[in-house]
Amino acid sequence: MTTMLSSDLPLTKIGRGKVRDIYAVDDERLLLVTTDRISAFDVVMGETIPMKGAVLTQVSAFWFSQLGGVVPHHMISADTDEIVDAVPALAPHRAEIAGRTMLCRRTTVFPIECVIRGYITGSAWKEYAASGTLAGEQLPEGLLESGKLTPPIFSPATKAETGHDENITIGRMREIVGEEDAFTLEHMTRAIYTLGEQIARERGIIIADTKFEFGRDTDGRIILIDEVMTPDSSRFWAADAYQPGRPQPSFDKQPLRDHLDAERRAGRWNGEAPPPKLPDDVVTATSQRYLEAYRRLTGTDLVVK
């Protein structure tokens, strides 16, 4: 499979994120193209990670198919042939988009990242260790790093175009989206995470935390959009290696983060763009992490057709 740093399709490109290119198909549909770009520490690398785009798209497709009876969502299809049939202009580009593309319903996106934390780690742990709080709200004393949170904590954030999202209180979220929608978004987030965490755990993966996005469709419904419980939007830990009280190895870009940390400690990188060139073994190891996450979740190896 050819890797993709950036897409160039015969549709109107209306957005470009760190990883995804977004195209308008018509007034009701979007095309999400997940490239093989990868970022770490808010810097996009110059190299691509083979199969990463296909893993993120097909993991999301797997979850959308599982969640159909739980919450409405935006996926129409992630099958390449179905997408080309629906959008004939893509036929000459079939090989480029194979496996990495999703046809979706258009929505008006809520300006909120709906984060849910089943375990305390990352930025949440750093804040808690310093002040005993999360987004300024007090948490119980005595929590361990990577410890399980019962019940999981709903922790919304504002979406940042660049840099880190900012954790906010639920009260602030209510001010932004309104009381009723804030309630619905939290309820849907908890329902999705409850099912996803259970399914993943049965397959040897702990979803420590994850974030969801939602939009309002043309019928006025709030629906789940974007990516769902992927290695990019979530922290995946191996259940058989889990041990609270310390950081956990994760099924994502950990080899990349470790390499970049070493480059910073050695004084060869200042943590800003441009990033250092990635060695082939780091690229390969990172690709294998993504593929292993897909295999564990779905029970099959990823085959792009």
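What you see is a predicted model; the values in this text were computed from it and never measured.
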- salt bridge (charged side-chain N to carboxylate O under 4.0 Å, His left out) evaluation trace for Asp79 with Lys305: CA-CA 9 Å; Asp79 179 275; Lys305 297 181 287 184; 5.9 Å; no
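- The pair Glu292-Arg289 does not count as a salt bridge, with every side-chain nitrogen at least 4.0 angstrom from each carboxylate oxygen.
- Relative ring orientation between Phe214 and Phe212 is described as perpendicular, the plane-to-plane angle rising above 60° on a 0-90° scale split at 30° and 60°.
- For the pair Thr34 (side chain) and Thr57 (backbone), a donor-acceptor distance under 3.5 Å is absent.
- Hydrophobic cluster membership differs between Ile223 and Leu31, with clusters built from Ile, Leu, Val, Met, Phe, Trp and Tyr side chains linked at under 4.5 angstrom.
- When the side chains of ILVMFWY residues are joined at heavy-atom separations under 4.5 Å, either directly or via intervening members, Met51 and Phe62 end up in a single hydrophobic cluster.
- Within a 6.0 Å sphere centred on CG of Asp8, other residues, nucleotides and ligands contribute 12 heavy atoms or fewer.
- At least one side-chain heavy atom of Ile222 sits under 4.5 Å from a side-chain heavy atom of Phe110.
- Under the 4.5 Å side-chain heavy-atom criterion for grouping Ile, Leu, Val, Met, Phe, Trp and Tyr, Ile153 is not connected to Leu185 through any hydrophobic cluster.
- In this structure, Arg264 forms a cation-pi arrangement with Phe41, its terminal cationic atom sitting closer than 6.0 Å to the ring centre and no more than 45° off the ring axis.
- In this structure, Asp42 pairs ionically with Lys18, as a charged nitrogen and a carboxylate oxygen lie closer than 4.0 Å.
- In the displayed structure, Asp281 atom CG is contacted under 6.0 Å by more than 12 heavy atoms of other residues, nucleotides or ligands.
- The neighbour count for Asn270 CG, taken as heavy atoms of other residues, nucleotides or ligands under 6.0 Å away, is above 12.
- Checked by atom type and distance alone, the side chain of Tyr119 never pairs as donor or acceptor with a backbone atom of Pro244 at under 3.5 Å.
- The shortest distance between side-chain heavy atoms of Pro276 and Leu260 falls below 4.5 Å.
- Side chains of Pro111 and Ile176 form a contact here, defined as non-hydrogen atoms less than 4.5 Å apart.
- Within a 6.0 Å sphere centred on CZ of Phe183, other residues, nucleotides and ligands contribute 12 heavy atoms or fewer.
- One finds a salt bridge joining Arg37 and Asp21 here, because a Lys/Arg side-chain nitrogen approaches an Asp/Glu carboxylate oxygen to under 4.0 Å.
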- Message: Test side-chain hydrogen bond (donor to acceptor under 3.5 Å, both in side chains) on Thr133 and Glu127; report intermediate values, then the result.
- Response: CA-CA 6 Å; Thr133 62; Glu127 180 183 338; 2.8 Å; yes
- Verdict with supporting geometry, Arg106 and Asp26, salt bridge (charged side-chain N to carboxylate O under 4.0 Å, His left out): CA-CA 9 Å; Arg106 295 185 78 155; Asp26 52 34; over 6 Å; no
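- Within 6.0 Å of CD in Glu180 there are 12 or fewer heavy atoms belonging to other residues, nucleotides or ligands.
- The shortest heavy-atom contact between Asp232 and Glu227 is CB-OE1, 3.8 Å.
- Other residues, nucleotides and ligands contribute only 12 or fewer heavy atoms inside 6.0 Å of the NZ atom of Lys126.
- Rounded to the nearest 0.5 Å, atoms OG1 (Thr230) and NZ (Lys211) are 9.0 Å apart.
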- Step by step, work out the salt bridge (charged side-chain N to carboxylate O under 4.0 Å, His left out) result for Arg174 and Glu179. CA-CA 5 Å; Arg174 293 189 187 110; Glu179 186 88 26; 3.4 Å; yes
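- Side-chain atoms of Ser60 come within 3.5 Å of backbone atoms of Val228 as a donor-acceptor pair (strictly under, hydrogens ignored).
- Remark: Glu272 pairs with no residue by the salt bridge (Lys or Arg N to Asp or Glu O under 4.0 Å) rule, at least two apart or across chains.
- Ion pairing between Arg235 and Asp209 holds under the 4.0 Å rule for side-chain N and carboxylate O.
- No side-chain heavy atom of His259 sits under 4.5 Å from any side-chain heavy atom of Thr286.
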